[in-house]
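Beneath this line is the structure, given in structure tokens, with notes to follow.
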Amino acid sequence: MTVVVTGASGFVGRELVARLLGLESWSVRLVSHSQSFVNCATNNATVHIVENFSDPAQWAEVLRGADVLVHLAGRAHVLKESVAQPEIEFNRVNVEFTGVLARAAATQGIKRMIFVSSIGVNGLQSETGKKHSEASPPRPENAYTRSKWTAEQLLMDVANSTGIEVVIVRPPLVYGASAPGNFGALIRAIAKSWPLPLGAVNNLRSLVSLENLVDFLILCMNHPRAANQTFLVSDGRDISTTWLVRFLANAMCVKVRIFPVPLFILRFAGRLLGRTSAVQGLCGSLQVDISKARNVLGWSPPVSVEEGLRRAVAGITKP
């Protein structure tokens with residue numbers, strides 16, 4: 001069996017490729033736009049450089065004869081926006097390119113396409129005790145999550161018109177060793193023993209370890225009941241931000257100082273500093289129900305949240 005992985009050089013892509021290379025039943029085609037990724041080629045992995053993602057002709061060569069496509073590439077959250085019209089750019093990369101790729105995959109006879117979307121399609125927070133599920137109404141709140149929701153709808157249209165099977169996966173925050181974004185920033189703050197104003201936070205959040213997400217993606221590659229389904233995925237246990245900080249500090253053998261600051265002050269400061277989403281991620285609740293993944297696919301997270309967090313910070317100590 002042959003799988004094509006876009007975004008193979010990214011945070012999730014590297015782990016997925018590493019796991020696939022350990023499976024004798026799969027050969028892997030890694031898609032990159034950078035020549036620096038070419039040295040990743042091995043006996044059962046080939047690297048394809050695609051310079052123009054909107055060109056179906058370039059995709060034809062990459063996809064020909066493959067069985068499964070895992071689409072990880074895309075424009076993700078941008079902390080410091082550099083384009084004048086970010087919504088247009090999100091749609092160009094996450095919607096238009098995805099549509100070109102899906103139609104090219106169907107033309108080349110690929111049986112299944114897995115699309116990694118975002119829990120943000122359901123909304124960036126949930127009421128405490130009320131979990132997002134696949135049946136929850138979509139409530140994308142920003143340009144990134146709106147582009148993911150639009151891409152999901154486009155993919156299901158392609159599936160209905162061509163017969164290609166589509167699997168949509170919506171993960172919450174994905175964490176692991178060398179994680180980017182807010183999780184990586186939190187790790188650095190804890191490692192430096194910075195005082196953290198999170199003592200008044202009383203929330204619950206679902207996370208997913210890199211290992212658990214990759215395990216789920218591999219299951220979706222050939223499970224017959226995954227076809228044309230949407231799944232939410234997490235570690236299966238919700239935690240508070242204060243518990244997370246204390247656990248990470250203990251795992252890194254550093255002291256952590258947490259002091260209480262009223263939430264309205266934290267949110268106000270976030271707006272002033274242009275870090276509204278980061279504050280929301282630390283203070284708000286966002287819970288995910290993974291019952292569908294358990295019941296339909298028989299999947300359970302193989303790595304506990306405690307073990308996943310230990311692996312994420314292994315070797316990190318106070319600088």
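Partners of Phe11 under the ring pair (Phe, Tyr, Trp, His ring centres under 6.0 Å) rule, at least two apart in sequence or in another chain, do not exist in this structure.
Inter-residue side-chain proximity for Thr98 and Met113 is flagged as met; some heavy-atom pair is nearer than 4.5 Å. Looking at heavy atoms from C-beta onward, Val208 lies out of side-chain contact with Val288 at the 4.5 angstrom threshold. Between Lys148 and Phe115, the closest side-chain pair of non-hydrogen atoms falls below 4.5 Å. A 4.5 Å side-chain heavy-atom check between Met1 and Ser25 finds every atom pair outside the cut-off. Taking 4.5 Å as the limit, some side-chain heavy atom of Leu232 sits within range of a side-chain heavy atom of Asn122. Contact annotation: the side chain of Val245 approaches that of Leu186 to within less than 4.5 Å [non-hydrogen atoms, C-beta and beyond]. Val303 is not listed as a side-chain neighbour of Asp215, based on a closest heavy-atom distance of 4.5 Å or more. Contact of the Phe97 side chain with the Arg92 side chain is registered, since non-hydrogen atoms from C-beta on lie closer than 4.5 Å.
The neighbour count for Asn228 CG, taken as heavy atoms of other residues, nucleotides or ligands under 6.0 Å away, is above 12. Heavy-atom contacts from other residues, nucleotides or ligands closer than 6.0 Å to NZ of Lys292 number more than 12.
In this model, no donor atom of one side chain and acceptor atom of the other lie less than 3.5 Å apart for Asp67 and Trp26. Using modelled atom types, one finds no donor on one side chain facing an acceptor on the other under 3.5 Å when comparing Ser126 with Ser285.
Closest of all the heavy-atom pairs between Asn212 and Pro302 is OD1-CD, 3.0 Å. Nearest heavy atom pair, residue Gly65 against residue Arg29, reads C-NH2, 4.2 Å. Pairing each heavy atom of Ile290 with each of Gly236, the nearest pair is CD1-CA, 3.9 Å. In this structure, Leu196 and Val256 approach most closely via the heavy-atom pair CD1-CG2, 4.4 Å. Heavy-atom minimum distance, Ser118 versus Thr145: OG-CG2, 4.4 Å. Heavy-atom minimum distance, Val95 versus Ser147: CG2-O, 3.3 Å.
We find the CD1-CD distance between Ile88 and Glu96 to be 9.5 Å, quoted to the nearest 0.5 Å. Taking CG from Leu210 and CG from Leu213, the interatomic distance works out to 7.0 Å, rounded to the nearest 0.5 Å. The SG atom of Cys283 lies 6.0 Å from the CZ atom of Arg267; values are rounded to the nearest 0.5 Å. To the nearest 0.5 Å, the span separating CG on Leu244 from CG on Leu173 amounts to 9.0 Å. Atom CD in Glu15 sits 11.0 Å away from atom CG in Leu217 (nearest 0.5 Å). With values rounded to the nearest 0.5 angstrom, Ser206 atom OG is found 8.0 Å from Ile119 atom CD1.
Between Phe183 and Tyr175, the angle of the ring planes lies from 30° to 60°, which puts this pair in the tilted group.
Judged by distance alone, with hydrogens and angles left aside, the side-chain atoms of Arg205 form no donor-acceptor pair with the main-chain N or O of Thr241 at under 3.5 Å. Remark: side-chain polar atoms of Ser209 are not paired, donor with acceptor, to backbone N or O of Gly308 under 3.5 angstrom.
Between Glu307 and Arg311 there is a salt bridge, since at least one side-chain N of the basic residue sits less than 4.0 Å from a carboxylate O of the acidic one.
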**Asked** Thr6 and Val62: side-chain contact (heavy atoms from CB on, under 4.5 Å), yes or no, with the steps?
**Response** CA-CA 10 Å; Thr6 72; Val62 177; over 6 Å; no

**Prompt:** Do Trp299 and Val233 pass the side-chain contact (heavy atoms from CB on, under 4.5 Å) test, and can you show the C-alpha distance, the side-chain angles, and the key distance before you say yes or no?
**Reply:** CA-CA 10 Å; Trp299 181 79; Val233 61; 3.5 Å; yes

Enumerate donor-acceptor pairs with a distance under 3.5 Å from any side-chain N or O in residues 158-165 to protein atoms, sequence neighbours excluded.
residue : atom : partner : partner atom : Å
Asn160  : ND2  : Met156  : O            : 3.1
Ser161  : OG   : Asp157  : O            : 3.1
Ser161  : OG   : Val158  : O            : 3.2
Thr162  : OG1  : Val158  : O            : 2.7
Thr162  : OG1  : Ile164  : N            : 3.3
Glu165  : OE1  : Arg112  : NE           : 2.9
Glu165  : OE1  : Arg112  : NH2          : 2.8

